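Working notes, beginning with the structure itself.
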Amino acid sequence: MAFEATKREWGELYAFFRLLADGYVYAGTPEVKKNEAQKLPVAMVQREEHDGTRRYIIESEETIRITGEKIDKQIPREDFAAVAELILSAVKGSSENEVMSPDGVEEFLDEVAIYDLEAKTDDRTDFHVAFYSINAPLTGFCVRSRMGAMFPLLDGGRTANFKFEQTGIKFATPTVNKVNAFGEEEDVVGRMLMIERLGGVLKYNDVADKVFRSNLSMIDLHFPRMLAEMLRIMHLDGITKVSELTEAIKQINPLKIKDELINKHGYYEYKMKQFLLALALGMRPAKLFTGVDSAIAGFLLVDGSGEVLCYQKADRETFADFLFHNSRFEKGPTEKDKYGYLERENGVYYFKLNLKIGLLKR
């Protein structure tokens with residue numbers, strides 16, 4: 001019987017099958033191309049199910065051996081390749097987010113003991129890979145597929161809000177109500193410009209959540225201010241790519257640092273890359289960050305054509321460059337994330353902006 005799954009769920013399964021079918025994965029470049037000089041042999045992929053751990057071992061050119069608590073069987077590798085192709089063509093051929101399983105796929109999932117489309121892990125990895133040898137240390141990966149909607153790098157909801165104090169002219173209550181009633185619900189920039197027109201100034205004040213403020217301070221004590229200014233530019237100037245926002249910040253220099261630090265040391269780029277790496281490897285807004293990476297050690301990126309590329313913290317520089325050039329600021333819903341309006345707090349009006357970061361789709 002056929003079933004439906006999201007493109008994201010299919011993307012995770014596709015990457016899993018592709019690794020086992022090919023027996024290798026290429027390291028990716030910052031430009032999202034395969035690095036021909038870095039072909040990483042896959043010896044085994046380990047996946048978690050609701051009833052225990054499965055190990056999928058590449059025994060030979062012909063067979064995959066599946067072992068677990070109640071399973072020990074061999075499956076032809078060509079079957080994994082065939083099903084990967086079926087999934088790829090189904091996902092690419094659908095304009096909907098929900099995609100029907102192609103004929104034969106459900107039976108194959110039963111055959112290879114996959115019952116949960118998204119792996120059941122507590123550490124937020126999708127599966128673990130042993131490169132070169134089955135005895136090699138396991139590397140935990142998250143799959144990100146450009147063929148469907150991707151999980152954001154940062155989606156903290158209201159925890160990721162930044163507070164701007166409304167200074168300049170003191171607004172009376174009717175003026176505040178007029179600002180808050182302006183435009184559609186999502187017209188944040190319209191309300192920002194109206195505040196400006198009425199003589200108000202939005203001055204960065206603080207990160208709304210104290211845990212997130214402390215987490216950002218682990219990157220740099222002044223990093224919250226840098227992010228706040230990037231958010232302001234994103235809304236007012238419509239720039240969303242992280243690399244372009246960082247370039248804009250260099251010109252504004254909100255931290256008032258010396259030119260040598262900006263241009264010779266690449267201060268702003270360096271801080272942003274540190275932050276993106278921390279997000280990719282486990283930092284969360286509401287969870288205390290100590291600088292220790294989580295079990296996630298890298299991304300497997302499925303591009304639009306179905307090529308799987310590997311980015312891991314073992315090659316931090318490439319991973320950081322990839323994130324820097326392939327991520328963007330996004331706008332979350334104002335109602336859900338509680339931002340984009342003047343709000344009174346202890347007699348002072350604040351305007352909040354929300355930070356959300358995702359990977360580029362292309």
Side-chain angles (χ1 to χ4, degrees), residues 1-25 42-130 138 140-151 299-310 361:
M1 199 177 103
F3 64 92
E4 280 190 332
T6 65
K7 286 185 173 180
R8 187 177 67 233
E9 290 168 331
W10 284 124
E12 182 186 320
L13 270 184
Y14 170 77
F16 175 70
F17 289 154
R18 191 80 266 163
L19 259 59
L20 292 170
D22 294 343
Y24 62 83
V25 63
V42 174
M44 186 265 291
V45 183
Q46 182 171 298
R47 195 174 184 277
E48 302 299 324
E49 284 278 335
H50 66 275
D51 61 347
T53 303
R54 311 263 196 277
R55 302 175 89 217
Y56 296 78
I57 301 162
I58 299 177
E59 278 203 323
S60 66
E61 289 291 323
E62 288 77 37
T63 57
I64 301 287
R65 185 177 174 198
I66 307 170
T67 65
E69 281 179 41
K70 301 168 188 169
I71 186 171
D72 191 340
K73 67 195 295 189
Q74 291 180 320
I75 303 282
R77 268 177 78 178
E78 62 186 14
D79 292 0
F80 286 88
V83 171
E85 287 304 320
L86 285 173
I87 292 172
L88 179 62
S89 60
V91 171
K92 286 173 76 173
S94 173
S95 57
E96 302 296 319
N97 186 43
E98 296 275 337
V99 181
M100 191 65 71
S101 62
D103 289 346
V105 169
E106 188 172 15
E107 292 78 5
F108 182 72
L109 293 179
D110 290 342
E111 179 72 9
V112 298
I114 291 177
Y115 308 113
D116 303 306
L117 289 185
E118 290 188 301
K120 299 291 181 192
T121 58
D122 296 326
D123 60 13
R124 303 179 68 248
T125 57
D126 290 325
F127 47 75
H128 289 72
V129 179
L138 292 171
F141 283 103
C142 280
V143 176
R144 294 284 195 270
S145 171
R146 283 184 162 179
M147 296 188 291
M150 289 186 279
F151 278 127
F299 284 176
L300 289 169
L301 182 80
V302 183
D303 71 11
S305 68
E307 182 85 54
V308 182
L309 300 171
C310 174
K361 289 277 287 183

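The first residue in the sequence is number 1, and the count goes up from there. None of these values were measured; they are calculated from a predicted model.
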Heavy atoms, side chains only, cut-off 4.5 Å: are Ser145 and Trp10 in contact? no

Donor-acceptor pair, Ser94 side chain versus Val91 backbone, under 3.5 Å? no

Over all atoms of both residues, closest heavy-atom pair of Ile58 and Gly23: CD1-CA, 3.6 Å

Got a sec: does the CG of Asp110 have more than 12 other heavy atoms crowding it under 6.0 Å? yes

Looking at residues at least two apart in the chain, or sitting in another chain, which of them share a side chain to side chain contact (heavy atoms under 4.5 Å, CB included) with Ile75? Ile66, Lys73, Asp79, Phe80, Phe108, Glu111, Val112

Report yes if some heavy atom in the side chain of Val105 is under 4.5 Å from a heavy atom in the side chain of Leu13; otherwise report no. no

Between Ala15 and Val302 the two heavy atoms that sit nearest each other are CB-CG2, 4.0 Å

For Arg55, check salt bridge (Lys or Arg N to Asp or Glu O under 4.0 Å) against everything at least two apart and list the hits. none

Is the NZ or CZ atom of Arg47 both under 6.0 Å from the centre of the six-membered ring of Tyr56 and within 45° of that ring's axis? no

Those residues at least two apart in sequence (or on a different chain) that pass salt bridge (Lys or Arg N to Asp or Glu O under 4.0 Å) with Lys361 are none

With a 3.5 Å distance limit and no angle check, can you tell me whether Glu49 reaches the backbone of Arg54 through a side-chain donor-acceptor pair? no

NE2/His50 to OH/Tyr115 distance, rounded to the nearest 0.5 angstrom? 8.0 Å

All side chain to side chain contact (heavy atoms under 4.5 Å, CB included) counterparts of Asp72, not counting sequence neighbours: Arg65, Thr67

Nearest heavy-atom neighbours spanning Gln46 and Phe127: O-CB, 3.2 Å

Residue set satisfying salt bridge (Lys or Arg N to Asp or Glu O under 4.0 Å) with Glu85, at least two apart, ordered chain then number -> Arg18

Could you work out, with salt bridge (Lys or Arg N to Asp or Glu O under 4.0 Å) as the rule, every residue matching Arg144, not counting sequence neighbours? none

